[in-house]
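Below you'll find the structure, written out as structure tokens, and then a few comments.
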Amino acid sequence: NAGVTQTPKFQVLKTGQSMTLQCAQDMNHEYMSWYRQDPGMGLRLIHYSVGAGITDQGEVPNGYNVSRSTTEDFPLRLLSAAPSQTSVYFCASSLQGASNEKLFFGSGTQLSVL
Amino acid sequence: AQKVTQAQTEISVVEKEDVTLDCVYETRDTTYYLFWYKQPPSGELVFLIRRNSFDEQNEISGRYSWNFQKSTSSFNFTITASQVVDSAVYFCALSEDYNFNKFYFGSGTKLNVKP
């Protein structure tokens, strides 16, 4: 089983460039989310989605856009990258609701913005 | 203010030692949920346990045990007889949302278990 797949694993951008981090899951999970992991700060929620066509902001949404056109995919877009967005990005998914407390995480995308 | 605090940045122990990872949380909600996740060197986070605020019963799973104390807002994690494979970063997390839409993670504790 593939689980949660993130691409690319590594990316270097120049300030002002745009890019999309891809996230796909094959578990038919309704809930998907994006986190960023910074040293000394743990993981912080950027955006999340509870189903196709539904997205909402997390703790640190500024500078990021998301959309959820299918259940499987939840891409994260950086429209104009900034050095402050250098981080490790994790996508996570789960079945919606209190019946399933497990977040399944992807292996992460390490992004550097120069 | 951080909702979840893991004051121990890094801990090193020798194999077979017991180790406790501390987690202190802050919330105004009366119903909330606490979690521990493990992040091995491969990177992805792996779910370990969830506790509900209305269930203070401690839990043991093999060499792992969790001590939940509402009076001190703590949810500590103990590994008994640690092994090298336990080396990882461990995250404590809080959700105030019944549907677990939003998690607040601590900054993590890196555990090094030396042979």
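These numbers come from the heavy atoms of this one structure, side chains and all, not from hydrogens, waters or symmetry mates. Letters A, B, ... are given to chains in the order of the sequence lines, protein chains preceding strands, and every chain is numbered from 1.
- Classified by interplanar angle (parallel below 30°, tilted 30° to 60°, perpendicular above 60°), the ring pair Y64(B)/F77(B) is perpendicular.
- Using a 4.5 Å cut-off between heavy atoms, Q6(B) makes no contact with chain A at all.
- Ring geometry, F105(A) versus F90(A): the interplanar angle exceeds 60°, so the pair is classed perpendicular (tilted spans 30 to 60°).
- Within 6.0 Å of NZ on K70(B) lie more than 12 heavy atoms contributed by other residues, nucleotides or ligands.
- For a heavy-atom cut-off of 4.5 Å, chain B lies close to Y48(A), V50(A), Q57(A), E59(A) in residues 48-82 of chain A.
- If you check the side chains of E44(B) and S42(B), you find a donor sitting under 3.5 Å from an acceptor.
- The residue among P39(A), S33(A), G42(A) with the most heavy atom pairs within less than 4.5 Å of chain B is G42(A).
- E10(B) CD: more than 12 foreign heavy atoms inside a 6.0 Å radius.
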| message | For F35(B) and L103(A): C-alpha separation, side-chain torsions, deciding distance, then whether side-chain contact (heavy atoms from CB on, under 4.5 Å) applies. | response | CA-CA 10 Å; F35(B) 304 78; L103(A) 270 180; over 6 Å; no
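- With Y35(A) as reference, F105(B) is the one residue of F105(B), Y104(B), F91(B) to meet the ring pair (Phe, Tyr, Trp, His ring centres under 6.0 Å) rule.
- Residue Q37(A) touches chain B through its side chain alone, counting heavy-atom pairs closer than 4.5 Å.
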